[in-house]
Amino acid sequence: MIDLIDKQKLPRHVAIIMDGNGRWAKERGKDRLFGHQHGVISVREVVEGCAEIGIEYLTLYAFSTENWNRPESEVKGLMELLVATIRKEAESLHRNGVKLHVIGDLQSLPEACVDELNEAMAITAGNTTLNLILALSYSSKWEIVDAARKIAHKVITGELTEAEINEDAFKQCLATAEFPDPELMIRTSGEHRISNFLLFQLAYAELYFTHTHWPDFRKENLYEAVLNYQNRERRFGKISEQLRKEA
Ligand code: IPE
Ligand code: IPE
Ligand code: MG
């Protein structure tokens, strides 16, 4: 399938809502954490898959602000899994040229998590093959409100005038300021919703939904999504004929 992908028409940025770990585990008569543990294999797969075809940015929604409301034992298990996974994978991410970034309300994460993440980000800071962005304790409404606060601060301090507030100035205040917007958003496990993920940045993204549960998601599934993306016409408000003339 990888041979069918047009390298000239790749999305620069792919964002994924990794969903369905719990249902995957339940189908096997196991507890939800078993599903999360297996989800780590899929993360490895998509990171490798993106690097292989030349995608520059991959954002993974790993833990939402709303996920703090899950049972305490699941939240604790997820945080422990995160720490253990980052510790185990940092070196191999580095060897493969992956630069790690994190977006989200990091202050709400346990200290051990933040330490591990900071270390991994420092180790991989100089890499350029693939930018891997983990959305952790992330919610888009939180991010947008936070950006509004930053804009207000800039106006108060005189760094920005009211007239200078435009899309670009606003983007600069989002957690994703240094990344291009995703062209392709994938959600696994059959749910058709955004769940508070990158609301501003996904404005013109192509959305791809699959019934595959996250722990079953492999490189081939990623390639299938990219191929599907490449067969769509992205019009950005224009009409087909205009696009053909521009091409
Ligand atoms: C996604 O799988 C992982 C996280 C949200 C952390 P879920 O845990 O949401 O699995 P389902 O949706 O209950 O099957
Ligand atoms: C979205 O999945 C968050 C992550 C994948 C981290 P959820 O499973 O939490 O979303 P809802 O609650 O079904 O919308
Ligand atoms: Mg879910």
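Basis for what follows: all heavy atoms, side chains included, without hydrogens, waters or symmetry-related copies. First listed ligand is number 1; within each ligand, the first listed atom is number 1.
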> Where's the contact between His213 and ligand 1, heavy-atom distance under 4.0 Å: side chain, backbone, both or neither?
Replying inline: neither
> Centres of the Tyr208 and Tyr229 rings: under 6.0 Å?
Replying inline: no
Return yes if a side-chain donor-acceptor contact under 3.5 Å exists between [X] and [Y], otherwise no.
{"X": "Thr124", "Y": "His94", "answer": "no"}
{"X": "Glu178", "Y": "Tyr57", "answer": "no"}
{"X": "Arg187", "Y": "Ser195", "answer": "yes"}
{"X": "His213", "Y": "Glu27", "answer": "yes"}

> Is a side-chain donor or acceptor of Asn228 paired with a backbone partner of Glu224 at a separation under 3.5 angstrom?
Replying inline: no
> So do the side chains of Ile186 and Met18 get within less than 4.5 Å of each other, counting heavy atoms only?
Replying inline: no
> Exactly which residues line ligand 2, taking a heavy atom under 4.0 Å from it as the test?
Replying inline: Ile17, Met18, Asp19, Tyr61, Ala62, Phe63, Ser64, Asn67, Arg70, Arg187, Arg193, Ser195
>> Checking Phe209 now: which residues fulfil ring-ring contact (aromatic ring centres under 6.0 Å, His included) with it, not counting sequence neighbours?
In response: His192
> ring-ring contact (aromatic ring centres under 6.0 Å, His included) with Trp214: which residues, sequence neighbours excluded?
Replying inline: Phe217
>> Just to be sure I understand the site: which N, O or S atoms from the protein are less than 2.8 Å away from the Mg ion (ligand 3)?
In response: Asp19 OD1
>> Please identify which of these residues, Leu117, Leu81, Asn118, meets the side chain to side chain contact (heavy atoms under 4.5 Å, CB included) condition with Ile86.
In response: Leu117
